[in-house]
Every structure is written in C-alpha cells, then in structure tokens.
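Residue numbering restarts at 1 for every chain, and letters A, B, ... go by the order of the sequence lines. The figures here come from the full heavy-atom set of this structure, side chains too, leaving out hydrogens, waters and symmetry mates.
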Amino acid sequence: MLLTRLADVSREVAATSARSRKTALLAELFREADADDVPIVIPYLAGRLPQGRLGVGWKVLGRPVEPAAAPGLTVREVDALLTELATVAGPGSQAERQRLVAELMGAATADEQRYLLGLLTGEVRQGALDAVAVEGLAEATGAPPADVRRAVMLAGALQPVAQALLTEGPPALERFRLTVGRPVLPMLAHSASSVGEAVAKLDGCAVEEKLDGIRVQVHRDGDTVRVHTRTLDDITDRLPEVTAAARELPGERFILDGEVLSFGPDGRPRSFQDTAGRVGSRVDVATAAEAVPVSPVFFDALAVGDRDLLDLPFTERHAELARLVPEPMRVRRTLVTGPKDTARAEAFLAETLARGHEGVVVKALDAPYSAGRRGASWLKVKPVHTLDLVVLAAEWGHGRRTGRLSNLHLGARGPDGAFIMLGKTFKGMTDAMLAWQTGRLRELAVEEHGWGVTVRPELVVEIAYDGLQRSTRYPAGVTLRFARVVRYREDKRAEEADTVENLLAAHPEVHP
DNA sequence: TTCCGACAGTGGGGTCGCAAT
DNA sequence: ATTGCGACCCCACTATCGGAA
C-alpha cells in the first residue's frame with residue numbers, strides 16, 4: 001500500500017467531525033490492506049508507529065527537506081527506514097538519524113511529509129486515535145465493537161488484535177483472554193470535587209488512600225515476576241524490591257494492581273519527585289535503591305491462580321487481594337454505605353492527608369475492573385489550592401488553538417514588588433476565555449515574540465493547583481503542580497495578587 | 001429532547017539517559 | 001563537565017459526538 005493513500009485518508013478523517021464518518025473511512029482502508037501491510041497500517045492510522053518512539057523530535061524534524069514531486073513511497077518502505085532509524089545508537093548517531101530522516105522526507109511529497117511529521121511527533125491531529133481505530137476495525141470485520149475493545153484491553157495493544165481479526169475473522173477474538181504475564185491496560189479514575197459528591201454518586205463504596213507514586217501492574221507466575229507501568233512499559237529491572245515482595249506473597253500466580261512509592265525513615269511518603277527519580281533510574285539501580293528504597297502498595301487483584309477476576313464486583317476482587325496481600329502492602333481503606341456515611345469518608349480523607357498522601361479514591365463496591373477505561377466507578381478526590389496570580393506573558397497555541405494566545409506565564413508578587421514567574425498553564429480555559437484573553441493580552445502587550453507576547457503585569461487570574469514542587473527552572477525555586485485557570489479576576493489589581501512569601505508559607509513541607 | 005459517557009486535543013514540570021559540545 | 005534533546009512519568013480540563021434516558 002502506498003503512503004499517499006494513508007495520508008489522504010488521514011486528511012479526510014481530520015476534515016470530518018462526525019465520528020461515524022471517521023470510523024467508516026478507517027474501516028474502508030483496513031479492508032484494503034494486504035496481510036503484510038496490516039502491522040504497519042493499523043498503528044499508523046491510530047496515530048502511532050509500530051516502533052514506538054524513535055528518538056527524533058522537533059530538533060531533527062524541523063529542518064525542511066525538498067519534497068518529492070510525485071508519490072511513490074510504500075508503507076513498507078517507510079517502515080523499513082523507521083526500523084533502521086530506531087536502531088541507530090552511539091557516537092555519530094544524531095547525524096545518522098538526521099540523514100535517515102532527510103532520506104525519508106526527500107522521498108515524500110509535501111502531503112506525505114506532513115503526515116509523516118504527525119506520526120513521528122505523535123501529533124496526527126486527525127481526531128481519531130486508538131478508540132476510533134477499534135471502531136473501524138469492528139466495522140471492517142463485522143465483529144462486535146465491545147468484543148474488539150475488550151480484546152484490545154486484554155492484549156494491551158491494538159495491533160495484535162487487528163492482525164488476528166483481519167486474517168482470521170471474529171472468532172480470533174476468543175484468543176485474547178486475561179493471561180498472567182501479559183499486561184492489560186489499567187483502569188483509570190475520574191475526578192470528583194469532594195468526598196461528598198463522590199459518595200453520593202456511587203452509593204456503597206470503598207474509600208481508599210490515593211498514593212502519590214508510580215502505578216504498577218505486577219504479574220507473578222512461579223518465580224517469574226514482571227512489573228509494568230500504566231502505559232505497560234516493563235520496569236521490572238528497576239524495581240528489585242517489588243519483585244522480592246511479589247515472591248514473598250503466598251500465591252504462585254497472580255496479577256495485582258497498585259502503586260510504587262518511597263517512604264522516608266520517618267515512615268512518611270517521600271515526594272513524588274523523589275519516587276519518580278528513583279523509578280526512572282536504570283543504570284545503577286543498586287545505588288538508587290539504597291538511597292531511595294521503594295515499596296509496592298496494592299489495591300486490586302485482576303487474577304489469582306487460574307481465575308480471571310476482572311468481571312467480579314470490587315468487593316470480591318478485594319477479598320481475593322486481602323487473602324493474598326498482608327496489611328502494610330495494601331492501601332488503607334474504609335467502607336461507606338451511602339451518603340449518610342459521608343462524615344466518615346471525610347474523616348478518612350483528613351487522616352490520609354495527615355499521613356502525607358495525595359488524597360483518596362472512592363470506588364463502587366459492585367463495579368467490575370474496567371480495563372483501559374476511565375470508569376465512572378472510581379472517583380479520585382484531592383485537595384485543591386488556589387492563588388491569584390498575574391499574567392506575565394502568553395504563548396501562541398497550536399492545533400485548534402492556532403491564532404489564540406493560550407499558554408500563560410504566571411507570576412506571584414516578590415518582596416520588592418516585582419513579579420516572579422512560578423510556571424505556565426494552558427488548562428481550564430473555555431473557547432470564550434481563549435478568545436477574550438487573546439484580545440485583552442494583545443492590548444497589554446509590550447513586546448511581540450515568535451512564540452507569543454510579553455505583557456504589562458496587570459491581568460490577575462485565579463489559578464487552581466495541586467501543590468508545590470521544587471524547581472530548578474523558575475527563580476523562586478518552586479513551581480505549581482498541575483496549574484489550571486479557574487477564572488479571570490478583573491476585580492483585582494496586580495498589587496493584590498498573592499505573594500511568593502505567602503505561597504511558601506502555605507507549603508512548609510517544600511524546601512526551595 | 002436532553003443528558004452524559006467516552007475521546008481527542010492541548011499542552012504543563014520533573015527526571016533520567018544519551019550524545020554532542 | 002556541561003548542555004540539549006527526547007522519552008516517559010505524573011496530570012486537568014474543554015469540546016464534541018452519539019448513544020442512553
């Protein structure tokens with residue numbers, strides 16, 4: 001199959017807003033693909049590369065290459081070149097990557113170059129990724145969409161399911177069952193603004209600690225233990241403590257879901273930054289483990305022995321978990337029967353925060369494990385802080401925000417009245433706010449740059465954030481975690497904005 | 001007809017590892 | 001030794017479509 005065909009379809013998919021039409025376009029192409037092209041075409045149309053990330057970013061891709069006059073590249077040729085690109089390493093590799101990218105781009109037409117650029121940067125912007133590809137696959141093969149979706153969750157990836165379906169038809173879906181040793185996409189949680197709201201929605205729930213670490217799925221089959229992240233990367237080798245802990249448990253075969261984090265000598269959790277740094281260390285794991293030891297804390301069981309627990313209610317899965325995993329290696333929890341029990345749930349949240357944790361997750365007791373979904377039956381509740389900050393600059397947006405000033409640079413008042421930048425945010429704005437702030441910030445602009453504008457520090461904006469963290473990037477030595485816009489405060493003057501001093505006082509546990 | 005669940009998009013900061021300087 | 005880049009952790013929020021109620 002020719003690359004130009006994919007580029008055309010991608011453009012058409014991007015041009016239509018109807019999801020049903022996107023699905024139909026993908027389905028049509030899936031039907032056309034040869035068996036040999038399927039392993040390439042499927043991920044491409046879902047906006048990803050079969051090789052994963054290739055170590056090329058904007059630095060390499062930014063250099064313009066004269067496009068070919070006529071399309072001729074096949075998807076298999078592209079794939080072969082990208083496979084080569086993925087294996088380049090060692091001294092001189094950057095130049096070699098540059099050369100390979102130039103070779104590829106030089107063989108592509110302008111349209112194909114645009115499409116390749118999207119694939120290589122992971123920004124195809126066609127309004128269709130895995131979920132729409134799954135629908136398209138179902139439509140192309142006549143398999144029930146729900147069955148295809150489930151198979152993808154259990155396989156942890158679209159590609160093997162697509163391959164089996166397109167070559168063997170719907171009966172092939174039978175093969176994709178929960179298997180110890182093969183990671184499945186984890187269930188995710190929605191947010192709720194308060195424990196009361198969460199408890200009212202679920203009616204009969206467990207309230208569990210939300211630990212601020214790295215999500216892990218641990219598979220044990222006899223002596224073999226594998227540890228996977230939320231995106232199913234294998235991090236077993238970085239976490240010897242987790243392997244050891246899994247081997248200690250009184251079960252030969254299981255799949256557990258949990259969080260890995262580090263506790264300090266005082267028994268309190270270390271900051272997310274410390275835990276993440278440890279988990280990210282690959283080279284000298286022994287030294288890293290000595291400085292920052294980690295522990296797994298589990299909250300769900302997906303399989304025990306030969307039993308697949310996914311469709312059981314949480315109550316029953318938890319009973320299995322409790323049989324297998326002793327108390328300190330399980331998250332703390334309390335049971336709540338309904339809205340009248342809210343006070344107890346709130347008390348549990350307060351205790352959890354006092355112990356230094358992030359918040360709680362409220363989980364419906366009757367809900368199955370919805371692998372790969374952001375199920376409505378798990379609701380996380382975290383305390384939210386707010387500040388009134390001053391907009392110092394704004395950056396031009398991309399994609400659907402092109403032409404709008406989007407990413408705001410935020411400052412607090414310093415001791416001498418000057419404004420000190422604390423970070424940026426692009427989150428929380430409606431389209432109306434984007435339009436309004438673009439006009440208002442242009443009025444306040446003192447300097448235009450390629451990336452955006454710097455403005456007179458006059459506009460006050462209320463910002464919500466989850467906490468402070470250390471920063472080497474910003475002058476106060478701290479930055480806001482997950483900052484988002486709540487509303488503009490035109491009733492406030494910049495001189496009334498919050499100060500760095502007050503911010504630091506509000507988070508005494510963070511040392512800049 | 002209205003409501004709501006699921007998706008895609010828009011990027012944020014930190015940290016690590018690697019290659020280049 | 002230091003710097004720049006890319007990958008991959010953590011993540012919030014809005015707009016939109018289309019099926020459910």
Side-chain angles (χ1 to χ4, degrees), chain A residues 13-14 16-23 46-47 52-61 88-97 120-135 149 188-191 212-216 229-233 235 238 259-261 271-284 288 358 370 372-376 380 382 384 395 397-402 404 406-410 422-434 463-474 478-486:
Chain A
V13 168
T16 175
S17 60
R19 235 164 249 166
S20 46
R21 176 84 184 123
K22 291 178 193 282
T23 303
R53 304 299 308 164
L54 297 178
V56 294
W58 288 107
K59 181 74 192 201
V60 172
L61 297 171
V88 175
S93 59
Q94 200 159 301
E96 178 63 5
R97 273 197 285 269
L120 287 162
T121 58
E123 296 176 10
V124 289
R125 290 178 176 142
Q126 60 184 14
L129 297 172
D130 263 4
V132 181
V134 165
E135 293 292 317
R149 196 154 48 228
L188 306 172
H190 276 291
S191 292
D212 198 6
I214 305 293
R215 180 83 176 264
V216 287
T229 65
R230 194 163 90 91
T231 50
L232 308 189
D233 283 349
I235 55 169
R238 300 182 222 167
E259 195 88 0
V260 151
L261 75 166
S271 73
F272 173 76
Q273 283 173 300
D274 291 337
T275 293
R278 159 60 210 281
V279 176
S281 298
R282 279 162 286 185
V283 174
D284 188 354
E358 195 183 6
S370 314
R373 320 220 83 172
R374 204 169 275 286
K380 56 184 163 185
K382 298 186 283 184
V384 175
E395 299 174 17
H398 300 90
R400 70 183 299 282
R401 292 192 178 187
T402 300
R404 305 279 190 217
S406 171
N407 199 5
L408 306 177
H409 295 199
L410 304 168
L422 286 176
K424 308 181 189 180
T425 186
F426 56 90
K427 294 174 184 161
M429 301 130 179
T430 61
D431 286 1
M433 287 167 80
L434 281 164
I463 298 294
Y465 66 104
D466 277 20
L468 265 197
Q469 51 185 353
R470 297 188 309 269
S471 173
T472 53
R473 180 179 308 221
Y474 293 108
V478 292
T479 189
L480 306 178
R481 192 170 181 201
F482 309 139
R484 60 267 189 192
V485 171
V486 178

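- Sequence order on DNA chain C of the closest nucleotides to A:G213 and A:G55 puts A:G55 first from the 5' end.
- Residues passing the side chain to side chain contact (heavy atoms under 4.5 Å, CB included) test with A:S20, sequence neighbours excluded: A:A18.
- At the heavy-atom level, A:D212 lies nowhere under 4.0 Å from the strands shown.
- Across all strands, A:F272 comes closer than 4.0 Å only to sugar-phosphate atoms, never to a base (heavy-atom distances).
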Item to check | Annotated protein contacts, base or backbone, on nucleotides 15-21 of chain C with a non-hydrogen cut-off under 4.0 Å, one of B, S, - each | outcome: SBBS---

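- The phosphate of C:dA7 (OP1 or OP2) has a side-chain N or O of A:R53 nearer than 4.0 angstrom.
- Taking CG of A:L410 as the start and OH of A:Y465 as the end, the distance is 12.0 Å to the nearest 0.5 Å.
- Contacts of A:R484 classified as salt bridge (charged side-chain N to carboxylate O under 4.0 Å, His left out), with partners at least two apart in sequence or in another chain: A:D466.
- Every residue two or more places apart in sequence or in another chain that forms a salt bridge (charged side-chain N to carboxylate O under 4.0 Å, His left out) with A:R21 is listed here: A:E12.
- Within the 4.0 Å cut-off from OP1 or OP2 of C:dC11, not a single side-chain nitrogen or oxygen of A:R481 is found.
- Going from atom NZ of A:K382 over to atom P of C:dC10 covers 11 Å, rounded to whole Å.
- The partner of B:dT21 is C:dA1, judged by Watson-Crick or G-U wobble contacts that both fall below 3.5 Å.
- At the heavy-atom level, A:V485 lies nowhere under 4.0 Å from the strands shown.
- Contact annotation: A:T231 side-chain N/O to C:dC9 OP1/OP2 distance is under 4.0 Å.
- Contact footprint of chain A on DNA chain B: nucleotides with an atom under 4.0 Å from a non-hydrogen protein atom, first to last in 5' to 3' order, B:dA6 to B:dA20.
- A:L54 comes within contact range of the sugar-phosphate backbone alone, with a heavy-atom separation under 4.0 Å but no base atom that close.
- The side chain to side chain contact (heavy atoms under 4.5 Å, CB included) check on A:V88 picks up A:S93, A:E96, A:R97, A:L100, with sequence neighbours excluded.
- Summary of the strand contacts: A:D284 and A:A95 both lie near DNA chain B, and taking for each the nucleotide with the nearest heavy atom, the more 5' one is attributed to A:D284.
- Considering only residues two or more places apart in sequence or on other chains, A:D233 meets the salt bridge (charged side-chain N to carboxylate O under 4.0 Å, His left out) condition with none of them.
- As judged by a 4.0 angstrom heavy-atom cut-off over every strand, A:A89 is placed among residues touching the sugar-phosphate backbone only.
- Side-chain N/O atoms of A:T229 include one lying less than 4.0 angstrom from OP1 or OP2 on C:dC9.
- Comment: A:D431 does not engage A:R404 in a salt bridge, judged by the lack of any side-chain N to carboxylate O separation of less than 4.0 angstrom.
- Residue contacts for A:K424: at a heavy-atom cut-off of 4.0 Å it reaches the sugar-phosphate backbone alone, with no base atom in range.
- In this structure, A:F272 has no ring-ring contact (aromatic ring centres under 6.0 Å, His included) partners at least two apart in sequence or on a different chain.
- Residue whose closest nucleotide on DNA chain B sits further toward the 5' end, between A:H190 and A:S93: A:H190.
- Every salt bridge (charged side-chain N to carboxylate O under 4.0 Å, His left out) that A:R481 has, sequence neighbours left out, goes to A:D212.
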